[in-house]
Protein chains: 2
Amino acid sequence: MNPFGKITPLRSPIAINLAERHPASACDECGARHIGLCDALSDEELGFLFRAAQHMSIPPGKLLMEEGGPAQHYFNVNSGMVRLFKALPDGRRQIIGFAGPGHFIGLALTEVNVVSAEAMEPVQVCRFSRAGLSAMAADYPALERKLLDIAVHELALGQQQMLLLGRKTALERTASFLLSWAQRQEPCGDGGLPRPNAKLILPLARADLADYLGLTIETVSRSLGHLKKDGLIEITKIHEIILLRPKALAEVAEAAD
Amino acid sequence: MNPFGKITPLRSPIAINLAERHPASACDECGARHIGLCDALSDEELGFLFRAAQHMSIPPGKLLMEEGGPAQHYFNVNSGMVRLFKALPDGRRQIIGFAGPGHFIGLALTEVNVVSAEAMEPVQVCRFSRAGLSAMAADYPALERKLLDIAVHELALGQQQMLLLGRKTALERTASFLLSWAQRQEPCGDGGLPRPNAKLILPLARADLADYLGLTIETVSRSLGHLKKDGLIEITKIHEIILLRPKALAEVAEAAD
DNA sequence: CGTGACATTGACTAGTATCAACCAAAGTGG
DNA sequence: CCACTTTGGTTGATACTAGTCAATGTCACG
(Lines give C-alpha, C1' and ligand atoms only; values in the text may rest on other atoms or scores of the structure.)
Protein backbone atom coordinates (compact mmCIF):
# COMPACT_ATOMS: atom_id res chain seq x y z
CA MET A 1 0.00 0.00 0.00
CA ASN A 2 2.17 2.82 -1.23
CA PRO A 3 0.73 6.31 -1.15
CA PHE A 4 2.64 7.66 -4.13
CA GLY A 5 3.06 11.37 -4.26
CA LYS A 6 1.56 13.28 -1.45
CA ILE A 7 -1.21 15.36 -2.92
CA THR A 8 -0.75 18.93 -1.87
CA PRO A 9 -4.18 20.40 -1.40
CA LEU A 10 -4.46 23.66 -3.28
CA ARG A 11 -6.89 26.18 -1.98
CA SER A 12 -5.80 29.67 -2.97
CA PRO A 13 -7.09 31.57 -6.03
CA ILE A 14 -3.94 30.35 -7.65
CA ALA A 15 -5.46 26.93 -7.56
CA ILE A 16 -8.26 28.04 -9.79
CA ASN A 17 -5.78 29.46 -12.23
CA LEU A 18 -3.92 26.24 -12.26
CA ALA A 19 -7.11 24.41 -12.90
CA GLU A 20 -7.82 26.64 -15.82
CA ARG A 21 -4.44 26.03 -17.22
CA HIS A 22 -5.03 22.32 -16.90
CA PRO A 23 -8.60 21.71 -17.93
CA ALA A 24 -9.78 18.28 -16.94
CA SER A 25 -10.19 17.20 -20.49
CA ALA A 26 -9.67 13.64 -19.38
CA CYS A 27 -12.89 13.89 -17.39
CA ASP A 28 -14.86 14.78 -20.49
CA GLU A 29 -14.22 11.34 -21.86
CA CYS A 30 -14.77 9.60 -18.56
CA GLY A 31 -17.85 7.46 -18.28
CA ALA A 32 -18.36 8.79 -14.77
CA ARG A 33 -18.31 12.50 -15.70
CA HIS A 34 -22.02 12.94 -15.42
CA ILE A 35 -22.85 10.68 -12.53
CA GLY A 36 -22.12 10.62 -8.85
CA LEU A 37 -19.65 12.94 -7.28
CA CYS A 38 -18.28 14.40 -10.49
CA ASP A 39 -21.73 15.32 -11.72
CA ALA A 40 -22.13 17.69 -8.75
CA LEU A 41 -19.20 19.82 -9.82
CA SER A 42 -18.69 22.49 -12.43
CA ASP A 43 -15.99 22.03 -15.05
CA GLU A 44 -13.71 24.29 -13.07
CA GLU A 45 -14.25 22.50 -9.80
CA LEU A 46 -13.83 19.21 -11.54
CA GLY A 47 -10.57 20.35 -13.05
CA PHE A 48 -9.38 21.07 -9.57
CA LEU A 49 -10.58 17.76 -8.27
CA PHE A 50 -8.98 15.99 -11.20
CA ARG A 51 -5.63 17.47 -10.34
CA ALA A 52 -5.96 16.05 -6.85
CA ALA A 53 -6.70 12.60 -8.15
CA GLN A 54 -4.52 9.74 -9.17
CA HIS A 55 -5.99 7.85 -12.06
CA MET A 56 -5.41 4.14 -11.59
CA SER A 57 -6.17 0.80 -13.17
CA ILE A 58 -6.85 -2.09 -10.85
CA PRO A 59 -6.72 -5.72 -11.95
CA PRO A 60 -9.50 -8.17 -10.99
CA GLY A 61 -9.21 -9.56 -7.48
CA LYS A 62 -7.01 -6.77 -6.19
CA LEU A 63 -8.09 -4.98 -3.03
CA LEU A 64 -8.57 -1.22 -3.15
CA MET A 65 -9.13 -1.10 0.58
CA GLU A 66 -8.74 -3.74 3.23
CA GLU A 67 -10.94 -4.03 6.29
CA GLY A 68 -8.79 -3.26 9.31
CA GLY A 69 -6.09 -1.57 7.24
CA PRO A 70 -5.28 2.14 7.48
CA ALA A 71 -7.89 4.33 5.80
CA GLN A 72 -5.80 6.48 3.50
CA HIS A 73 -7.80 7.02 0.36
CA TYR A 74 -11.12 7.67 -1.22
CA PHE A 75 -11.94 6.28 -4.64
CA ASN A 76 -14.28 7.20 -7.39
CA VAL A 77 -15.01 4.37 -9.82
CA ASN A 78 -14.78 5.27 -13.48
CA SER A 79 -15.31 1.87 -15.04
CA GLY A 80 -15.67 -1.70 -13.90
CA MET A 81 -17.34 -3.11 -10.82
CA VAL A 82 -16.10 -3.27 -7.24
CA ARG A 83 -17.47 -5.34 -4.39
CA LEU A 84 -17.52 -4.02 -0.84
CA PHE A 85 -17.58 -6.60 1.90
CA LYS A 86 -16.91 -7.50 5.49
CA ALA A 87 -15.62 -10.86 6.64
CA LEU A 88 -15.53 -12.91 9.81
CA PRO A 89 -12.35 -14.60 11.06
CA ASP A 90 -13.59 -18.00 9.88
CA GLY A 91 -14.06 -16.78 6.33
CA ARG A 92 -17.77 -16.09 6.21
CA ARG A 93 -18.31 -13.05 4.05
CA GLN A 94 -21.06 -10.49 3.75
CA ILE A 95 -21.09 -8.32 0.68
CA ILE A 96 -22.22 -4.83 1.66
CA GLY A 97 -22.70 -3.50 -1.83
CA PHE A 98 -21.41 -3.18 -5.35
CA ALA A 99 -19.81 -0.03 -6.71
CA GLY A 100 -19.93 0.64 -10.43
CA PRO A 101 -19.03 3.65 -12.59
CA GLY A 102 -19.70 6.91 -10.76
CA HIS A 103 -19.75 5.35 -7.33
CA PHE A 104 -17.73 6.85 -4.53
CA ILE A 105 -15.93 4.53 -2.13
CA GLY A 106 -14.35 5.05 1.23
CA LEU A 107 -16.64 7.28 3.27
CA ALA A 108 -15.56 6.64 6.84
CA LEU A 109 -14.65 8.41 10.02
CA THR A 110 -12.33 5.86 11.51
CA GLU A 111 -8.61 5.53 11.04
CA VAL A 112 -9.01 2.00 9.79
CA ASN A 113 -11.28 0.74 7.04
CA VAL A 114 -14.41 -0.99 8.20
CA VAL A 115 -14.97 -2.73 4.87
CA SER A 116 -12.84 -4.21 2.13
CA ALA A 117 -13.18 -3.20 -1.50
CA GLU A 118 -12.15 -5.57 -4.26
CA ALA A 119 -12.11 -5.21 -8.02
CA MET A 120 -14.41 -7.79 -9.65
CA GLU A 121 -13.08 -7.07 -13.12
CA PRO A 122 -10.53 -4.63 -14.52
CA VAL A 123 -11.42 -1.37 -12.83
CA GLN A 124 -10.43 2.23 -13.36
CA VAL A 125 -10.64 4.65 -10.48
CA CYS A 126 -9.67 8.13 -9.43
CA ARG A 127 -7.93 7.91 -6.10
CA PHE A 128 -7.81 10.76 -3.58
CA SER A 129 -5.87 11.10 -0.41
CA ARG A 130 -8.14 11.50 2.55
CA ALA A 131 -6.48 14.71 3.64
CA GLY A 132 -6.58 16.16 0.16
CA LEU A 133 -10.24 15.57 -0.42
CA SER A 134 -11.11 16.74 3.07
CA ALA A 135 -9.34 19.99 2.43
CA MET A 136 -11.21 20.39 -0.82
CA ALA A 137 -14.50 19.68 0.84
CA ALA A 138 -13.84 22.54 3.23
CA ASP A 139 -13.49 24.93 0.31
CA TYR A 140 -16.18 23.56 -1.96
CA PRO A 141 -19.54 23.31 -0.24
CA ALA A 142 -20.98 21.59 -3.30
CA LEU A 143 -18.55 18.76 -2.79
CA GLU A 144 -19.41 18.31 0.83
CA ARG A 145 -23.09 18.47 0.12
CA LYS A 146 -22.72 15.83 -2.55
CA LEU A 147 -20.85 13.60 -0.13
CA LEU A 148 -23.73 13.99 2.31
CA ASP A 149 -26.17 13.06 -0.42
CA ILE A 150 -24.13 10.01 -1.25
CA ALA A 151 -23.88 8.95 2.37
CA VAL A 152 -27.60 9.39 2.94
CA HIS A 153 -28.45 7.44 -0.18
CA GLU A 154 -26.18 4.60 0.88
CA LEU A 155 -27.83 4.71 4.27
CA ALA A 156 -31.25 4.15 2.74
CA LEU A 157 -29.93 1.27 0.64
CA GLY A 158 -28.38 -0.24 3.72
CA GLN A 159 -31.63 -0.05 5.64
CA GLN A 160 -33.43 -1.77 2.83
CA GLN A 161 -30.80 -4.47 2.87
CA MET A 162 -31.15 -4.93 6.63
CA LEU A 163 -34.82 -5.64 6.14
CA LEU A 164 -33.93 -8.14 3.45
CA LEU A 165 -31.26 -9.89 5.49
CA GLY A 166 -33.14 -9.91 8.76
CA ARG A 167 -36.64 -10.77 7.68
CA LYS A 168 -37.01 -12.03 4.13
CA THR A 169 -37.01 -15.64 2.92
CA ALA A 170 -34.57 -16.89 0.31
CA LEU A 171 -37.13 -16.52 -2.46
CA GLU A 172 -38.08 -13.02 -1.37
CA ARG A 173 -34.44 -12.01 -1.19
CA THR A 174 -33.77 -13.28 -4.67
CA ALA A 175 -36.80 -11.55 -6.19
CA SER A 176 -35.94 -8.32 -4.34
CA PHE A 177 -32.44 -8.44 -5.66
CA LEU A 178 -33.48 -8.91 -9.27
CA LEU A 179 -35.79 -5.93 -9.07
CA SER A 180 -33.28 -3.68 -7.36
CA TRP A 181 -30.63 -4.63 -9.86
CA ALA A 182 -32.92 -3.86 -12.75
CA GLN A 183 -33.69 -0.52 -11.15
CA ARG A 184 -30.00 0.16 -10.88
CA GLN A 185 -29.36 -0.85 -14.47
CA GLU A 186 -31.95 1.44 -15.93
CA PRO A 187 -33.71 3.66 -13.41
CA CYS A 188 -37.39 3.81 -14.23
CA GLY A 189 -38.89 6.35 -11.91
CA ASP A 190 -38.90 6.25 -8.16
CA GLY A 191 -39.93 2.80 -7.04
CA GLY A 192 -41.27 2.00 -10.47
CA LEU A 193 -41.15 -1.53 -11.76
CA PRO A 194 -38.98 -2.52 -14.67
CA ARG A 195 -40.95 -3.14 -17.84
CA PRO A 196 -41.89 -6.74 -18.65
CA ASN A 197 -39.14 -8.67 -20.41
CA ALA A 198 -36.49 -6.27 -19.22
CA LYS A 199 -33.13 -7.83 -19.79
CA LEU A 200 -30.84 -7.98 -16.79
CA ILE A 201 -27.08 -8.20 -17.10
CA LEU A 202 -25.62 -9.72 -13.96
CA PRO A 203 -21.87 -9.26 -13.85
CA LEU A 204 -21.88 -11.23 -10.61
CA ALA A 205 -21.00 -14.81 -9.93
CA ARG A 206 -23.52 -16.82 -7.92
CA ALA A 207 -21.10 -16.69 -5.02
CA ASP A 208 -21.28 -12.89 -4.98
CA LEU A 209 -25.02 -13.03 -5.12
CA ALA A 210 -25.10 -15.47 -2.22
CA ASP A 211 -22.76 -13.41 -0.08
CA TYR A 212 -24.79 -10.32 -0.83
CA LEU A 213 -28.12 -11.93 0.04
CA GLY A 214 -26.90 -13.79 3.10
CA LEU A 215 -27.51 -17.20 1.48
CA THR A 216 -25.46 -20.04 0.01
CA ILE A 217 -24.86 -20.45 -3.71
CA GLU A 218 -27.02 -23.56 -3.69
CA THR A 219 -29.95 -21.70 -2.20
CA VAL A 220 -29.55 -18.86 -4.69
CA SER A 221 -29.51 -21.36 -7.52
CA ARG A 222 -32.64 -23.07 -6.21
CA SER A 223 -34.42 -19.75 -5.71
CA LEU A 224 -33.65 -18.66 -9.25
CA GLY A 225 -34.76 -22.08 -10.45
CA HIS A 226 -38.01 -21.66 -8.56
CA LEU A 227 -38.68 -18.26 -10.13
CA LYS A 228 -37.87 -19.72 -13.54
CA LYS A 229 -40.18 -22.70 -13.04
CA ASP A 230 -42.99 -20.32 -12.11
CA GLY A 231 -42.42 -18.35 -15.29
CA LEU A 232 -41.41 -15.11 -13.57
CA ILE A 233 -37.96 -15.02 -15.09
CA GLU A 234 -35.98 -16.64 -17.86
CA ILE A 235 -32.31 -17.42 -17.56
CA THR A 236 -30.90 -17.03 -21.05
CA LYS A 237 -27.22 -17.01 -20.29
CA ILE A 238 -25.69 -17.47 -16.90
CA HIS A 239 -25.22 -13.75 -16.48
CA GLU A 240 -28.33 -12.68 -18.33
CA ILE A 241 -31.81 -12.86 -16.90
CA ILE A 242 -35.10 -11.75 -18.45
CA LEU A 243 -37.73 -10.43 -16.06
CA LEU A 244 -40.83 -11.88 -17.68
CA ARG A 245 -43.30 -10.69 -15.05
CA PRO A 246 -41.86 -7.87 -12.92
CA LYS A 247 -45.20 -7.30 -11.22
CA ALA A 248 -45.39 -10.87 -9.99
CA LEU A 249 -41.76 -10.65 -9.01
CA ALA A 250 -42.52 -7.61 -6.87
CA GLU A 251 -45.28 -9.52 -5.14
CA VAL A 252 -42.90 -12.32 -4.30
CA ALA A 253 -40.32 -9.81 -3.09
CA GLU A 254 -42.64 -8.14 -0.63
CA ALA A 255 -44.79 -11.14 0.19
CA ALA A 256 -47.88 -9.17 -0.80
CA ASP A 257 -50.94 -11.38 -1.05
CA MET B 1 -12.84 12.23 14.42
CA ASN B 2 -14.01 14.73 11.85
CA PRO B 3 -12.75 13.77 8.42
CA PHE B 4 -13.22 17.20 7.05
CA GLY B 5 -11.01 19.06 9.42
CA LYS B 6 -11.56 22.45 10.80
CA ILE B 7 -14.86 23.90 11.83
CA THR B 8 -15.59 26.99 9.83
CA PRO B 9 -16.97 29.81 11.97
CA LEU B 10 -20.22 31.65 11.45
CA ARG B 11 -20.50 33.82 8.43
CA SER B 12 -23.75 35.72 8.75
CA PRO B 13 -23.65 38.63 11.21
CA ILE B 14 -27.42 38.72 11.16
CA ALA B 15 -27.53 35.23 12.51
CA ILE B 16 -25.39 36.25 15.40
CA ASN B 17 -27.69 39.07 16.29
CA LEU B 18 -30.70 36.83 16.23
CA ALA B 19 -28.93 34.32 18.39
CA GLU B 20 -27.96 36.94 20.87
CA ARG B 21 -31.46 38.19 21.25
CA HIS B 22 -32.68 34.68 21.96
CA PRO B 23 -30.03 32.81 23.86
CA ALA B 24 -30.68 29.11 23.86
CA SER B 25 -30.81 28.90 27.58
CA ALA B 26 -33.09 25.88 27.33
CA CYS B 27 -30.30 23.98 25.60
CA ASP B 28 -28.00 24.43 28.57
CA GLU B 29 -30.21 22.20 30.62
CA CYS B 30 -30.80 19.69 27.85
CA GLY B 31 -29.23 16.28 28.28
CA ALA B 32 -28.32 16.34 24.62
CA ARG B 33 -26.44 19.66 24.67
CA HIS B 34 -23.03 18.10 24.55
CA ILE B 35 -23.63 15.13 22.33
CA GLY B 36 -24.49 14.60 18.70
CA LEU B 37 -25.53 17.43 16.48
CA CYS B 38 -25.77 20.07 19.20
CA ASP B 39 -22.28 19.36 20.42
CA ALA B 40 -20.89 20.42 17.05
CA LEU B 41 -22.26 23.93 17.43
CA SER B 42 -21.20 26.95 19.40
CA ASP B 43 -23.62 28.53 21.86
CA GLU B 44 -24.46 31.16 19.29
CA GLU B 45 -25.08 28.71 16.48
CA LEU B 46 -27.09 26.57 18.79
CA GLY B 47 -29.23 29.53 19.76
CA PHE B 48 -30.09 29.98 16.15
CA LEU B 49 -30.80 26.31 15.70
CA PHE B 50 -32.93 26.30 18.82
CA ARG B 51 -35.11 29.03 17.39
CA ALA B 52 -35.76 26.85 14.39
CA ALA B 53 -36.81 23.90 16.54
CA GLN B 54 -40.09 22.84 18.02
CA HIS B 55 -39.61 21.22 21.35
CA MET B 56 -42.01 18.30 21.73
CA SER B 57 -42.93 15.49 24.08
CA ILE B 58 -43.95 12.20 22.53
CA PRO B 59 -45.84 9.48 24.41
CA PRO B 60 -44.73 5.84 24.20
CA GLY B 61 -45.90 4.03 21.10
CA LYS B 62 -46.46 7.17 19.09
CA LEU B 63 -44.83 7.41 15.67
CA LEU B 64 -42.51 10.34 14.96
CA MET B 65 -42.21 9.30 11.33
CA GLU B 66 -44.03 6.71 9.32
CA GLU B 67 -42.48 4.66 6.54
CA GLY B 68 -44.10 5.72 3.30
CA GLY B 69 -45.46 8.96 4.78
CA PRO B 70 -44.29 12.40 3.66
CA ALA B 71 -40.84 13.29 4.96
CA GLN B 72 -41.41 16.65 6.58
CA HIS B 73 -39.21 16.80 9.65
CA TYR B 74 -35.93 16.01 11.23
CA PHE B 75 -35.72 15.20 14.93
CA ASN B 76 -33.07 15.40 17.54
CA VAL B 77 -33.72 13.23 20.57
CA ASN B 78 -33.24 14.93 23.93
CA SER B 79 -34.41 12.18 26.23
CA GLY B 80 -35.98 8.75 25.96
CA MET B 81 -35.44 6.04 23.38
CA VAL B 82 -36.81 5.74 19.86
CA ARG B 83 -36.86 2.68 17.65
CA LEU B 84 -36.37 2.96 13.90
CA PHE B 85 -37.79 0.16 11.82
CA LYS B 86 -39.05 -1.05 8.49
CA ALA B 87 -41.92 -3.45 8.05
CA LEU B 88 -43.24 -5.85 5.42
CA PRO B 89 -46.90 -5.94 4.38
CA ASP B 90 -47.50 -9.12 6.39
CA GLY B 91 -46.23 -7.53 9.59
CA ARG B 92 -42.69 -8.81 9.77
CA ARG B 93 -40.55 -6.07 11.24
CA GLN B 94 -36.88 -5.25 11.11
CA ILE B 95 -35.57 -2.76 13.61
CA ILE B 96 -32.89 -0.65 11.94
CA GLY B 97 -31.60 1.00 15.05
CA PHE B 98 -32.31 2.70 18.34
CA ALA B 99 -32.00 6.44 18.86
CA GLY B 100 -31.35 7.76 22.33
CA PRO B 101 -30.46 11.22 23.69
CA GLY B 102 -28.35 13.19 21.22
CA HIS B 103 -29.30 11.08 18.24
CA PHE B 104 -30.46 12.72 15.07
CA ILE B 105 -33.33 11.16 13.14
CA GLY B 106 -34.62 11.65 9.65
CA LEU B 107 -31.66 11.88 7.32
CA ALA B 108 -33.11 11.12 3.93
CA LEU B 109 -33.21 12.42 0.40
CA THR B 110 -36.56 11.09 -0.65
CA GLU B 111 -39.94 12.75 -0.36
CA VAL B 112 -41.28 9.88 1.68
CA ASN B 113 -39.80 8.31 4.77
CA VAL B 114 -38.06 5.03 4.23
CA VAL B 115 -38.25 4.04 7.89
CA SER B 116 -40.69 4.49 10.75
CA ALA B 117 -39.64 5.98 14.08
CA GLU B 118 -41.57 5.15 17.24
CA ALA B 119 -41.17 6.31 20.82
CA MET B 120 -40.41 3.36 23.10
CA GLU B 121 -40.98 5.42 26.23
CA PRO B 122 -41.84 9.04 26.91
CA VAL B 123 -39.54 10.95 24.58
CA GLN B 124 -38.53 14.57 24.22
CA VAL B 125 -37.31 15.83 20.88
CA CYS B 126 -36.44 18.97 19.02
CA ARG B 127 -38.24 18.92 15.70
CA PHE B 128 -37.04 20.79 12.62
CA SER B 129 -38.73 21.34 9.32
CA ARG B 130 -36.75 19.82 6.51
CA ALA B 131 -36.61 23.06 4.59
CA GLY B 132 -35.55 25.01 7.66
CA LEU B 133 -32.68 22.79 8.55
CA SER B 134 -31.53 22.51 4.95
CA ALA B 135 -31.42 26.28 4.71
CA MET B 136 -29.42 26.44 7.92
CA ALA B 137 -27.04 23.79 6.69
CA ALA B 138 -26.29 25.97 3.67
CA ASP B 139 -25.25 28.81 5.97
CA TYR B 140 -23.49 26.82 8.65
CA PRO B 141 -20.83 24.54 7.24
CA ALA B 142 -20.27 23.09 10.70
CA LEU B 143 -23.83 21.85 10.70
CA GLU B 144 -23.55 20.22 7.32
CA ARG B 145 -20.25 18.66 8.23
CA LYS B 146 -21.74 17.26 11.41
CA LEU B 147 -24.62 15.80 9.42
CA LEU B 148 -22.11 14.11 7.16
CA ASP B 149 -20.31 12.73 10.20
CA ILE B 150 -23.57 11.39 11.54
CA ALA B 151 -24.53 9.83 8.24
CA VAL B 152 -21.13 8.21 7.82
CA HIS B 153 -21.22 6.85 11.34
CA GLU B 154 -24.66 5.38 10.81
CA LEU B 155 -23.40 3.89 7.59
CA ALA B 156 -20.64 2.05 9.42
CA LEU B 157 -23.10 0.78 12.01
CA GLY B 158 -25.40 -0.39 9.27
CA GLN B 159 -22.62 -2.29 7.57
CA GLN B 160 -21.76 -4.01 10.81
CA GLN B 161 -25.41 -4.94 11.20
CA MET B 162 -25.57 -6.34 7.68
CA LEU B 163 -22.72 -8.69 8.53
CA LEU B 164 -24.58 -9.70 11.67
CA LEU B 165 -27.90 -10.28 9.92
CA GLY B 166 -26.49 -11.96 6.87
CA ARG B 167 -23.83 -14.19 8.31
CA LYS B 168 -23.94 -14.65 12.06
CA THR B 169 -25.68 -17.38 14.05
CA ALA B 170 -28.25 -16.61 16.73
CA LEU B 171 -25.68 -16.98 19.50
CA GLU B 172 -23.16 -14.77 17.71
CA ARG B 173 -25.80 -12.14 17.09
CA THR B 174 -26.80 -12.08 20.72
CA ALA B 175 -23.22 -11.82 21.98
CA SER B 176 -22.44 -9.13 19.41
CA PHE B 177 -25.44 -7.16 20.49
CA LEU B 178 -24.55 -7.26 24.17
CA LEU B 179 -21.06 -5.98 23.44
CA SER B 180 -22.20 -3.24 21.11
CA TRP B 181 -24.82 -2.12 23.60
CA ALA B 182 -22.26 -2.01 26.37
CA GLN B 183 -20.01 0.04 24.12
CA ARG B 184 -22.86 2.40 23.48
CA GLN B 185 -23.71 2.69 27.16
CA GLU B 186 -20.21 3.61 28.21
CA PRO B 187 -17.75 4.00 25.37
CA CYS B 188 -14.45 2.46 26.34
CA GLY B 189 -12.02 3.32 23.60
CA ASP B 190 -12.34 2.41 19.97
CA GLY B 191 -13.27 -1.23 19.74
CA GLY B 192 -12.27 -1.82 23.32
CA LEU B 193 -14.06 -4.42 25.38
CA PRO B 194 -16.25 -3.50 28.31
CA ARG B 195 -14.64 -4.29 31.63
CA PRO B 196 -15.58 -7.59 33.30
CA ASN B 197 -18.82 -7.42 35.30
CA ALA B 198 -19.98 -4.34 33.44
CA LYS B 199 -23.63 -3.82 34.16
CA LEU B 200 -25.85 -3.47 31.13
CA ILE B 201 -29.19 -1.69 31.26
CA LEU B 202 -31.42 -2.93 28.46
CA PRO B 203 -34.42 -0.68 28.00
CA LEU B 204 -35.61 -3.06 25.30
CA ALA B 205 -38.22 -5.76 25.39
CA ARG B 206 -37.20 -9.16 24.04
CA ALA B 207 -39.41 -8.48 21.05
CA ASP B 208 -37.34 -5.41 20.15
CA LEU B 209 -34.18 -7.37 20.54
CA ALA B 210 -35.54 -10.10 18.29
CA ASP B 211 -36.65 -7.68 15.59
CA TYR B 212 -33.29 -5.95 15.76
CA LEU B 213 -31.30 -9.17 15.47
CA GLY B 214 -33.48 -10.80 12.85
CA LEU B 215 -34.56 -13.59 15.22
CA THR B 216 -37.65 -14.60 17.17
CA ILE B 217 -38.14 -13.80 20.85
CA GLU B 218 -37.84 -17.50 21.66
CA THR B 219 -34.47 -17.75 19.98
CA VAL B 220 -33.24 -14.61 21.73
CA SER B 221 -34.37 -16.05 25.03
CA ARG B 222 -32.60 -19.33 24.34
CA SER B 223 -29.42 -17.57 23.21
CA LEU B 224 -29.30 -15.49 26.38
CA GLY B 225 -29.98 -18.63 28.37
CA HIS B 226 -27.10 -20.33 26.64
CA LEU B 227 -24.70 -17.49 27.44
CA LYS B 228 -25.93 -17.54 31.02
CA LYS B 229 -25.46 -21.28 31.34
CA ASP B 230 -21.88 -20.93 30.07
CA GLY B 231 -21.18 -18.28 32.68
CA LEU B 232 -20.54 -15.45 30.23
CA ILE B 233 -23.37 -13.31 31.48
CA GLU B 234 -25.71 -13.04 34.42
CA ILE B 235 -29.29 -11.91 34.11
CA THR B 236 -30.07 -10.10 37.32
CA LYS B 237 -33.29 -8.39 36.36
CA ILE B 238 -35.06 -8.78 33.08
CA HIS B 239 -33.62 -5.53 31.80
CA GLU B 240 -30.29 -5.78 33.53
CA ILE B 241 -27.46 -8.02 32.39
CA ILE B 242 -23.97 -8.37 33.83
CA LEU B 243 -21.20 -9.14 31.38
CA LEU B 244 -19.15 -11.55 33.47
CA ARG B 245 -16.61 -12.37 30.78
CA PRO B 246 -16.56 -9.79 27.97
CA LYS B 247 -13.50 -11.37 26.40
CA ALA B 248 -15.21 -14.73 26.03
CA LEU B 249 -18.30 -12.93 24.80
CA ALA B 250 -16.26 -11.26 22.08
CA GLU B 251 -14.95 -14.63 21.01
CA VAL B 252 -18.46 -15.95 20.70
CA ALA B 253 -19.50 -12.83 18.79
CA GLU B 254 -16.80 -13.18 16.16
CA ALA B 255 -16.53 -16.95 16.17
CA ALA B 256 -12.83 -16.68 16.91
CA ASP B 257 -11.28 -20.03 17.74
C1' DC C 1 -11.25 -32.77 -26.55
C1' DG C 2 -9.77 -32.45 -22.06
C1' DT C 3 -9.52 -29.39 -18.17
C1' DG C 4 -11.06 -26.40 -14.68
C1' DA C 5 -14.23 -23.07 -12.98
C1' DC C 6 -18.74 -22.29 -12.08
C1' DA C 7 -23.60 -23.73 -11.73
C1' DT C 8 -27.36 -26.97 -10.87
C1' DT C 9 -29.56 -30.75 -8.63
C1' DG C 10 -30.30 -34.20 -5.02
C1' DA C 11 -30.10 -36.32 -0.33
C1' DC C 12 -29.58 -35.37 4.14
C1' DT C 13 -28.83 -32.38 8.35
C1' DA C 14 -28.87 -28.56 11.43
C1' DG C 15 -30.45 -24.41 13.13
C1' DT C 16 -34.11 -21.57 13.83
C1' DA C 17 -39.13 -20.79 13.55
C1' DT C 18 -43.49 -22.22 15.10
C1' DC C 19 -46.81 -23.67 18.29
C1' DA C 20 -48.00 -24.41 22.86
C1' DA C 21 -47.48 -24.77 27.72
C1' DC C 22 -45.77 -22.79 31.65
C1' DC C 23 -43.82 -19.06 34.65
C1' DA C 24 -42.95 -14.51 36.92
C1' DA C 25 -43.70 -9.87 37.81
C1' DA C 26 -46.80 -6.10 37.91
C1' DG C 27 -50.90 -4.23 38.15
C1' DT C 28 -56.15 -4.26 39.34
C1' DG C 29 -60.21 -4.59 41.95
C1' DG C 30 -62.84 -6.57 45.53
C1' DC D 1 -54.27 -7.99 51.56
C1' DC D 2 -55.09 -11.35 48.35
C1' DA D 3 -57.17 -13.74 44.16
C1' DC D 4 -57.31 -12.48 39.34
C1' DT D 5 -55.72 -10.79 35.11
C1' DT D 6 -52.37 -9.05 32.05
C1' DT D 7 -48.07 -8.72 30.01
C1' DG D 8 -43.75 -10.31 28.93
C1' DG D 9 -40.41 -14.09 29.30
C1' DT D 10 -38.86 -18.94 29.39
C1' DT D 11 -38.97 -23.72 28.15
C1' DG D 12 -40.28 -27.79 25.43
C1' DA D 13 -41.86 -30.48 21.23
C1' DT D 14 -42.11 -30.37 16.47
C1' DA D 15 -41.81 -28.51 11.69
C1' DC D 16 -39.56 -26.42 8.05
C1' DT D 17 -36.25 -23.46 5.73
C1' DA D 18 -31.88 -23.16 4.32
C1' DG D 19 -27.21 -25.19 4.97
C1' DT D 20 -24.04 -29.02 4.03
C1' DC D 21 -22.07 -32.56 1.40
C1' DA D 22 -21.79 -34.86 -2.83
C1' DA D 23 -22.76 -35.90 -7.61
C1' DT D 24 -23.68 -34.16 -12.02
C1' DG D 25 -23.97 -30.66 -15.64
C1' DT D 26 -22.38 -26.69 -18.51
C1' DC D 27 -19.47 -23.60 -20.54
C1' DA D 28 -15.08 -21.26 -21.75
C1' DC D 29 -10.59 -21.99 -23.00
C1' DG D 30 -6.10 -23.95 -24.12
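Order of the sequence lines sets the chain letters (A, B, ...), proteins ahead of strands, with each chain counted from 1. In what follows, every heavy atom counts, from backbone to side chain, and hydrogens, waters and symmetry copies are set aside.
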Among the nucleotides [options], which one has an atom lying closest to any side-chain atom of [X]?
X        : options                : value
A:Thr169 : C:dT16, D:dA18, C:dA7  : D:dA18
A:Thr219 : D:dA18, D:dG12, C:dT16 : D:dA18
A:Glu218 : D:dG9, D:dG12, D:dT20  : D:dT20
A:Leu215 : D:dA18, C:dA7, C:dT18  : D:dA18
B:Ala170 : C:dT16, C:dC19, C:dA7  : C:dT16

Between [atom2] of [N] and [atom1] of [X], the distance in whole Å:
X        : N      : atom1 : atom2 : result
B:Arg167 : C:dG15 : CZ    : P     : 16 Å
B:Lys228 : D:dG9  : NZ    : P     : 14 Å
B:Leu204 : D:dT7  : CG    : P     : 20 Å
B:Leu227 : D:dT10 : CG    : P     : 12 Å
A:Ile235 : C:dT8  : CD1   : C1'   : 10 Å
B:His226 : D:dT11 : NE2   : P     : 13 Å
A:Asp211 : C:dA7  : CG    : C1'   : 15 Å
A:Lys229 : C:dT9  : NZ    : C1'   : 14 Å

Query raised in the report: Under 4.0 Å between a side-chain N/O of B:Thr216 and OP1 or OP2 of C:dT16, yes or no?
Result: no

Query raised in the report: Side-chain donor or acceptor of A:Arg222 under 3.5 Å from a matching atom on the base of C:dG10?
Result: yes

**Report entry** Close aromatic pair by centroid cut-off 6.0 Å: A:Phe85 and A:Tyr212
**Finding:**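 So the answer is no for these two rings.
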
Query raised in the report: Aromatic ring centroids of A:Phe104 and A:Tyr74 under 6.0 Å?
Result: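 Yes: the rings meet the under 6.0 Å criterion.
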
Query raised in the report: Have B:Ser176 and B:Lys168 got a donor and an acceptor in their side chains that come within less than 3.5 Å?
Result: yes

Query - Lys/Arg-Asp/Glu bridge criterion (N-O < 4.0 Å) met for B:Glu186, B:Arg195 - result: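 Result for this pair is yes, salt bridge flagged.
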
Requested in this report: Name the residue closer to the 5' end of DNA chain D, choosing between A:Leu171 and B:Leu224 according to the nucleotide with the nearest heavy atom.
Outcome: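 Upstream on the strand: B:Leu224.
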
**Report entry** Closest heavy-atom pair and its distance - B:Gly102, B:Asn76
**Finding:**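 Heavy atoms of B:Gly102 and B:Asn76 come nearest at O-OD1, 3.8 Å.
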
